[in-house]
Amino acid sequence: MSSNIPSQVEALAEPVADEMNLEVVDVEFKKEGKNWFLRVFIDGENGVDLDDCTSVSERLSEVLDQHDFIEQAYYLEVSSPGAERPLKKASDMEKAVGKNVHLTMYAPVNGEKMLEGKLTSFDGEKLLIERRVKTRSETVEVPYNKVASARLAVVF
């Protein structure tokens, strides 16, 4: 039952975020200890602030109360995805071109299941990742359908 909740909540949260020129980046529904947490991560063109999170939280809370499909008691948290935001959709990948990313693959690509580097291009089917290997730079082509998870990566 709870496995379907994030997608249902995302469908309800997207119109709320759209009204405020924001986007829903991710939704989690997790049990931690004896409490359930519904976490909605939002972002905007110029990031989000506390007022954005509060507005989405209040509006989404009303919408969730109207639909009332979550049986468990839970805490609703609305926040920014942070500096290492997940890249869930193809449109997220397109926006990440030129930025550093961390990828985990379903199956090894060039013998590796994890890869980090600068996303230099994405055409919807393959990603080109430029990375440093000791003193040289190399470009690795990764089929998009082999990517299990992706996020922005902060380089120090």
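All of these numbers come straight from a predicted model, not from anything done at the bench.
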- Would one find more than 12 heavy atoms of other residues, nucleotides or ligands at under 6.0 Å from atom CD of Glu45? no

- Task: With side chain to side chain contact (heavy atoms under 4.5 Å, CB included) as the test, would you mind laying out the steps for Arg39 and Phe29 before giving the verdict?
- Result: CA-CA 6 Å; Arg39 294 189 176 104; Phe29 188 59; over 6 Å; no

- Message: When you compare the side chain of Glu116 with that of Asn100, does any pair of heavy atoms fall below 4.5 Å?
- Response: no

- Task: Examine distances only and state if a side-chain atom of Arg59 and a backbone atom of Glu62 form a donor-acceptor pair shorter than 3.5 Å.
- Result: no

- Message: Does any part of the side chain of Lys126, heavy atoms only, come nearer than 4.5 Å to the side chain of Val142, both counted from C-beta?
- Response: no

- Message: Walk me through whether Gln8 and Phe69 qualify under side chain to side chain contact (heavy atoms under 4.5 Å, CB included).
- Response: CA-CA 9 Å; Gln8 290 176 279; Phe69 59 90; 3.6 Å; yes

- Say whether, by atom type as modelled, one donor and one acceptor occur between the side chain of Asp52 and the main chain of Val48 under 3.5 angstrom. no

- Item | Check: Lys89 main-chain N/O paired with Asp92 side-chain donor or acceptor under 3.5 Å | yes

- Message: With heavy-atom distances below 4.5 Å as the criterion, would you say the side chains of Leu152 and Leu87 are in contact?
- Response: yes

- May I ask you to decide if Leu50's main-chain N or O and Thr54's side chain share a donor-acceptor pair within less than 3.5 Å? yes

- Query: Considering only heavy atoms from C-beta outward, does the side chain of Ile129 approach that of Thr139 to under 4.5 Å?
  - Reply: no

- Dump the intermediate steps for side chain to side chain contact (heavy atoms under 4.5 Å, CB included) on Val27 and Phe41, then the final yes or no. CA-CA 6 Å; Val27 176; Phe41 299 95; over 6 Å; no

- Message: Enumerate the ring-ring contact (aromatic ring centres under 6.0 Å, His included) contacts for residues 95-114, please, sequence neighbours excluded, ordered by first and then second residue.
- Response: none

- Message: For Lys95, is the NZ atom crowded, meaning more than 12 foreign heavy atoms sit under 6.0 Å from it?
- Response: yes

- What's the shortest heavy-atom distance between Met114 and Thr104, and which atoms? CG-OG1, 3.8 Å

- Considering all heavy atoms, the nearest Val97-Thr120 contact: CG1-O, 3.4 Å

- Task: Dump the intermediate steps for side chain to side chain contact (heavy atoms under 4.5 Å, CB included) on Arg131 and Ser137, then the final yes or no.
- Result: CA-CA 6 Å; Arg131 68 177 183 168; Ser137 183; over 6 Å; no

- Task: Look at the side-chain heavy atoms of Ile, Leu, Val, Met, Phe, Trp and Tyr, link any pair under 4.5 Å apart, and say whether Tyr144 and Leu119 land in one connected group.
- Result: yes

- Message: A quick test of your reading: do over 12 heavy atoms of other residues, nucleotides or ligands sit less than 6.0 Å from NZ of Lys30?
- Response: no

- Determine the minimum heavy-atom distance between Asp43 and Gly47, stating which atoms define it. OD1-CA, 3.4 Å

- Closest heavy-atom pair and its distance - Ala83, Val154: CB-CG2, 3.7 Å

- Item | Same apolar cluster (I L V M F W Y, side chains within < 4.5 Å links), Phe37/Val40 | no

- Task: Answer yes or no: is there a side-chain heavy-atom contact under 4.5 Å between Ile70 and Val9?
- Result: yes

- Task: Please answer: with hydrophobic residues joined when any side-chain heavy atoms are less than 4.5 Å apart, are Val25 and Leu22 in the same cluster?
- Result: no

- Task: Flag yes if more than 12 heavy atoms outside Asp65 fall under 6.0 Å of its CG atom; otherwise flag no.
- Result: yes

- Answer yes or no: is there a side-chain heavy-atom contact under 4.5 Å between Cys53 and Ile42? yes

- Message: I want to check something: taking the side chain as every heavy atom from C-beta on, are Trp36 and Leu38 in contact at a cut-off of under 4.5 Å?
- Response: no

- Is the shortest side-chain N to carboxylate O distance from Lys99 to Glu94 below 4.0 Å? no

- Item | Shared hydrophobic cluster, Leu103 / Val109 (ILVMFWY, side-chain heavy atoms < 4.5 Å) | yes

- Query: Got a sec: does the CD of Glu125 have more than 12 other heavy atoms crowding it under 6.0 Å?
  - Reply: no

